[in-house]
Amino acid sequence: MSKAILVDTTRCIGCGACVGACKEANGLPQNEDKELTADTLNVVESHGGVFVRKFCMHCQDPTCASVCPVGALRKTAAGPVIYEADRCMGCRYCMIACPFSIPRYEWKLALPKVKKCTMCAARQAKGLQPACTEACPVQAGIFGERDELLAEAEKRLRENPSGYIQHIYGKEEVGGTSVLYLSAVPFEALGFPANVPHDPLPMYTYRALSKIPYVVTAGTLLLGGIWWITNRREEVAKAEKDGG
Amino acid sequence: MMDLSRLPKLTFWRAVLVVILATGFYSTLLRFGKGLGAATALSDKFPWGLWIGFDVLCGVGLAAGGFTLAAVVYIFHLERFHPIVRPAILTAFLGYAMVGVALLYDLGRPYRIWHPLVMWNPRSVMFEVAWCVMLYTTVLALEFSPVVFEKLRMEGPRRLIRALTTPLVIAGVLLSTLHQSSLGSLYLIVPSKLYPLWYTPLLPFLFYLSAIGAGLGMVVLESYLSWRAFRHRLAMDLLEPLGRAMAVVLALYGLLRMQVLRKNGALAAFVHPGYEEWMFLLEYGAGVILPIALVAIPRVRRSERGLVTASLFAVLGFVMYRLNVSVTGMERAAGARYVPSWMELSVSVGLVALGFAAFAVAVHYLPIFQHGKEAAGIEAEETWASAESR
């Protein structure tokens with residue numbers, strides 16, 4: 001069963017406990033980054049007085065995983081989208097492709113890696129919950145099964161229709177994500193990309209890549225045919241010249 | 001006392017080359033010693049810059065003249081273009097070699113560039129590009145090898161490769177078609193990020209068409225530069241039809257671009273043009289309208305200067321298209337502007353300069369140009385001989 005995180009921005013008090021816990025769990029320097037960086041995989045932003053934490057959305061059909069030429073990013077059955085540093089050659093296509101612009105890079109290092117939240121996959125393997133949701137003092141971020149969290153989110157929307165924008169961000173965006181958001185203000189106002197399609201983005205390249213076998217087959221026949229016709233024409237011309 | 005007159009003469013262009021290479025060398029040390037952050041203007045907001053937008057996207061495309069001309073001569077059997085096939089394939093081969101080197105600079109861990117050989121993700125366009133480029137560079141090397149075998153007087157290998165010409169050329173055209181269009185496909189995955197003036201499901205086809213147009217333009221330019229540098233005959237009787245073909249391809253490409261704008265509802269933006277709209281107009285005007293207009297006038301296209309000018313603008317338009325897709329079109333969504341660092345520029349300029357230098361060295365030592373009709377004669381005999389013996 002696939003795990004997920006529900007972030008209810010109406011409950012977040014901006015204390016930053018989740019940020020500190022994430023850094024500790026991942027051995028990252030405790031600094032004051034205002035946005036995601038190679039050293040800050042989870043950050044609390046403030047938009048018009050509303051606090052919203054940003055981190056990897058752990059998409060169901062992740063764009064980053066589909067574009068990586070060496071398969072260094074992978075969606076696991078447990079829910080997290082993980083990164084296998086040993087495979088990565090640093091092409092950074094994942095950074096271009098991610099519709100939420102999540103992956104960051106270790107630009108300062110001679111041997112850099114891509115950095116992003118892993119939903120504490122290692123802790124989950126030991127039966128623990130992610131460090132961020134464990135640390136949250138007001139349960140603004142909670143961890144659980146994706147379908148259960150979706151039901152909980154829908155319950156909150158139902159019970160408090162005027163207190164929320166009636167939309168769960170991440171339910172259908174790019175085919176659904178494992179990080180879900182609730183908000184009292186429009187999601188664009190919180191810095192979420194507005195025009196993200198509901199199709200998983202890998203579909204957009206699949207439409208092109210799936211044509212390759214046809215291009216190769218048709219192209220071979222066409223070029224081979226043209227060569228044969230023009231070659232024949234020259235042979236005939238030469239034969240006539242010799243014979244005549 | 002050392003005989004100074006025996007040293008190579010220090011001409012202006014050689015001095016320029018030395019300065020360029022020295023600067024590039026310094027940037028290389030910085031890039032590999034201190035990392036990408038120290039040597040480039042790249043950032044989390046803008047992870048791809050000049051080395052991808054110019055060196056990879058344009059470098060690969062500019063070498064398209066190689067597969068186009070090889071097809072013209074060896075598939076369509078238009079033998080009269082034979083004299084310009086060899087330099088076109090040399091340009092293509094050097095172009096791809098330069099792209100490979102540029103990738104070694106841009107990849108975060110270039111020593112892992114071989115990973116796609118054994119770590120596969122067929123869902124990834126980048127995977128397909130990597131494989132097609134590797135295979136096509138091999139094909140180019142094989143297509144070019146007869147020139148080297150000829151120089152080394154290795155008849156056996158030369159005949160072997162010559163016998164494989166048709167399948168090699170077909171493979172080359174297919175591989176080229178696939179990865180020229182795949183470079184456009186790279187950007188299909190960012191519908192919410194790439195500005196509507198450039199985003200379209202037709203990106204692969206548009207990249208392919210523009211590569212053919214620019215490839216033909218590059219053949220003209222490369223012939224002109226070789227004529228200036230090495231005094232080889234500028235075959236206007238061959239180049240003029242290529243110029244016309246270039247204009248036809250550009251016209252089709254231009255029409256499709258307009259159709260895309262209409263469909264995206266982006267034409268309305270030109271009423272109050274912003275940054276992106278002006279960049280588009282520059283690209284379209286200089287790179288599509290101008291070359292077509294120049295080639296359309298018979299007196300212009302039949303003159304060396306006119307044809308070369310038209311080709312130059314076609315190639316510039318091609319470069320602007322790819323830079324607009326990879327840089328301009330991505331800036332708004334990134335929330336940041338990108339301007340390459342002088343170190344990035346020095347590496348790109350240095351690689352282009354090395355390409356020119358390698359071309360000159362190859363021309364000096366290998367039978368690239370002096371063959372011409374002679375080679376056509378030998379190869380024509382071989383074709384008749386193999387046809388008759390069947």
Side-chain angles (χ1 to χ4, degrees), chain A residues 35-38 63 65-72 86-97 99 101 103-114 193-197 201-202 204-209 211-212 215-216 219-220 223-224 226-227 229-231 233-235 238-239, chain B residues 32-38 40 42-45 47-48 71 74-79 103 106-113 115-116 119-130 166 169-170 173-174 177-178 181-182 185-186 188-193 201 203-204 330 333-334 383-384 387:
Chain A
E35 48 187 17
L36 293 174
T37 68
T63 316
S66 78
V67 300
C68 176
V70 293
D86 289 340
R87 298 176 81 107
C88 176
M89 53 180 191
C91 76
R92 311 187 299 286
Y93 193 16
C94 56
M95 297 175 73
I96 293 281
S101 301
R104 304 283 138 152
Y105 208 54
E106 291 179 317
W107 299 101
K108 296 199 174 94
L109 300 185
L111 292 177
K113 295 195 289 290
V114 171
N195 54 349
V196 162
L201 292 183
Y204 287 77
T205 45
Y206 178 72
R207 286 188 261 258
L209 287 178
K211 298 199 168 64
I212 289 178
V215 169
V216 173
T220 309
L223 293 170
I226 294 174
W227 174 83
I229 292 171
T230 53
N231 196 38
R233 206 188 288 162
E234 284 188 346
E235 282 178 23
K238 175 103 182 11
Chain B
F32 291 106
K34 291 230 161 128
L36 283 167
T40 70
L42 299 173
S43 65
D44 287 328
K45 286 197 159 72
W48 280 0
Y74 294 115
I75 306 284
F76 291 86
H77 283 109
L78 297 175
E79 292 290 339
L103 271 177
D106 188 79
L107 285 177
R109 294 192 183 223
Y111 63 92
R112 289 183 177 170
I113 195 170
H115 273 200
M119 296 174 192
W120 292 13
N121 181 12
R123 290 175 85 205
S124 163
V125 175
M126 181 77 77
F127 175 75
E128 194 231 318
V129 170
T166 303
V169 171
I170 292 182
V173 173
L174 289 173
T177 303
L178 287 179
S181 51
S182 295
S185 299
L186 282 176
L188 288 176
I189 203 98
V190 286
S192 54
K193 285 184 173 183
L203 270 168
M330 298 290 281
T383 318
W384 305 153

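Residue numbering restarts at 1 for every chain, and letters A, B, ... go by the order of the sequence lines.
The residue among Ala110(A), Ala97(A), Ala194(A) with the most heavy atom pairs within less than 4.5 Å of chain B is Ala97(A). Between chain A and the residues Ala71(B), Ala38(B), Ser43(B), Gly35(B), the most heavy-atom pairs under 4.5 angstrom are made by Ser43(B). Residue with the most contacts toward chain B among Val67(A), Ile229(A), Thr220(A): Val67(A) (heavy-atom pairs, distance under 4.5 Å). Contact count versus chain A (heavy atoms, under 4.5 Å) is highest, among Leu103(B), Val169(B), Leu174(B), for Leu174(B). Considering only heavy-atom pairs separated by less than 4.5 Å from chain B, the leading option among Val196(A), Leu36(A), Leu209(A) is Leu209(A). Ranked by heavy-atom pairs under 4.5 Å with chain A, the list Leu36(B), Leu107(B), Thr177(B) is led by Leu107(B). Taking Leu203(B), Leu186(B), Val173(B) one by one and counting their heavy-atom pairs under 4.5 Å with chain A, the maximum is reached by Leu186(B). Note on Ser181(B), Ser124(B), Ser182(B), Gly33(B): by heavy-atom pairs under 4.5 Å with chain A, the leading option is Ser124(B).
Taking all atoms of both residues into account, the shortest heavy-atom contact from Pro69(A) to Met126(B) is CG-CG, 3.5 Å. Heavy-atom minimum distance, Gly108(B) versus Pro112(A): O-CD, 3.3 Å. Pairing each heavy atom of His115(B) with each of Val70(A), the nearest pair is CB-CG1, 3.6 Å. Closest of all the heavy-atom pairs between Ser185(B) and Thr205(A) is O-CG2, 3.8 Å. Between Ile113(B) and Met89(A), the shortest heavy-atom distance links the atoms CA-SD, 4.0 Å. Heavy atoms only, all atoms of each residue included: Asn121(B) and Cys68(A) are closest at ND2-O, 2.7 Å.
Residues Met95(A) and Asp44(B) meet the side-chain proximity criterion, which asks for heavy atoms closer than 4.5 Å. Between Arg87(A) and Arg112(B), the closest side-chain pair of non-hydrogen atoms is not below 4.5 Å. Residues Pro47(B) and Tyr105(A) fail the side-chain proximity criterion, which asks for heavy atoms closer than 4.5 Å. In this structure, the side chains of Ser192(B) and Pro99(A) come closer than 4.5 Å at one or more pairs of heavy atoms. In this structure the side chain of Glu79(B) reaches within 4.5 angstrom of the side chain of Glu234(A), judged on heavy atoms. Residues Lys193(B) and Ile96(A) are not in side-chain contact: their nearest non-hydrogen atoms beyond the backbone lie 4.5 Å or more apart. You'll find the side chain of Leu42(B) reaches within 4.5 Å of the side chain of Arg92(A), heavy atoms only. The side-chain heavy atoms of Ser66(A) and Ile189(B), taken from C-beta on, include a pair separated by under 4.5 Å.
Contacts between Thr63(A) and chain B at a heavy-atom distance below 4.5 Å involve the side chain alone, from C-beta outward. If you measure heavy-atom distances from Leu109(A) to chain B, the contacts under 4.5 Å come from the backbone alone. For a residue to count as touching a neighbouring chain, one of its non-hydrogen atoms must lie under 4.5 Å from one of that chain's; by this rule Pro122(B) touches chain A with the backbone only. The contact between Pro197(A) and chain B is made entirely by side chain atoms (from C-beta outward), counting heavy-atom distances below 4.5 Å. Within the 4.5 angstrom heavy-atom criterion, no atom of Tyr206(A) approaches chain B. For Ala72(A), no part lies under 4.5 angstrom from a heavy atom of chain B. When heavy atoms are compared at a cutoff of 4.5 Å, Leu78(B) does not approach chain A at all. Only the side chain of Glu35(A) comes within contact range of chain B, with at least one heavy atom under 4.5 Å from a heavy atom of that chain.
Atom CZ of Arg233(A) sits in a sparse spot, with 12 or fewer heavy atoms from other residues, nucleotides or ligands closer than 6.0 Å.
A donor-acceptor contact shorter than 3.5 Å links the side chain of Thr230(A) to the backbone of Ile75(B). Checking side-chain atoms of Tyr93(A) against main-chain N and O of Val125(B) turns up no donor-acceptor pair under 3.5 Å. Within the 3.5 Å criterion, the main-chain N or O of Cys91(A) finds a donor-acceptor partner in the side chain of Trp48(B).
With rounding to the nearest 0.5 Å, the separation of CG in Asn231(A) from CZ in Phe76(B) is 14.0 Å.
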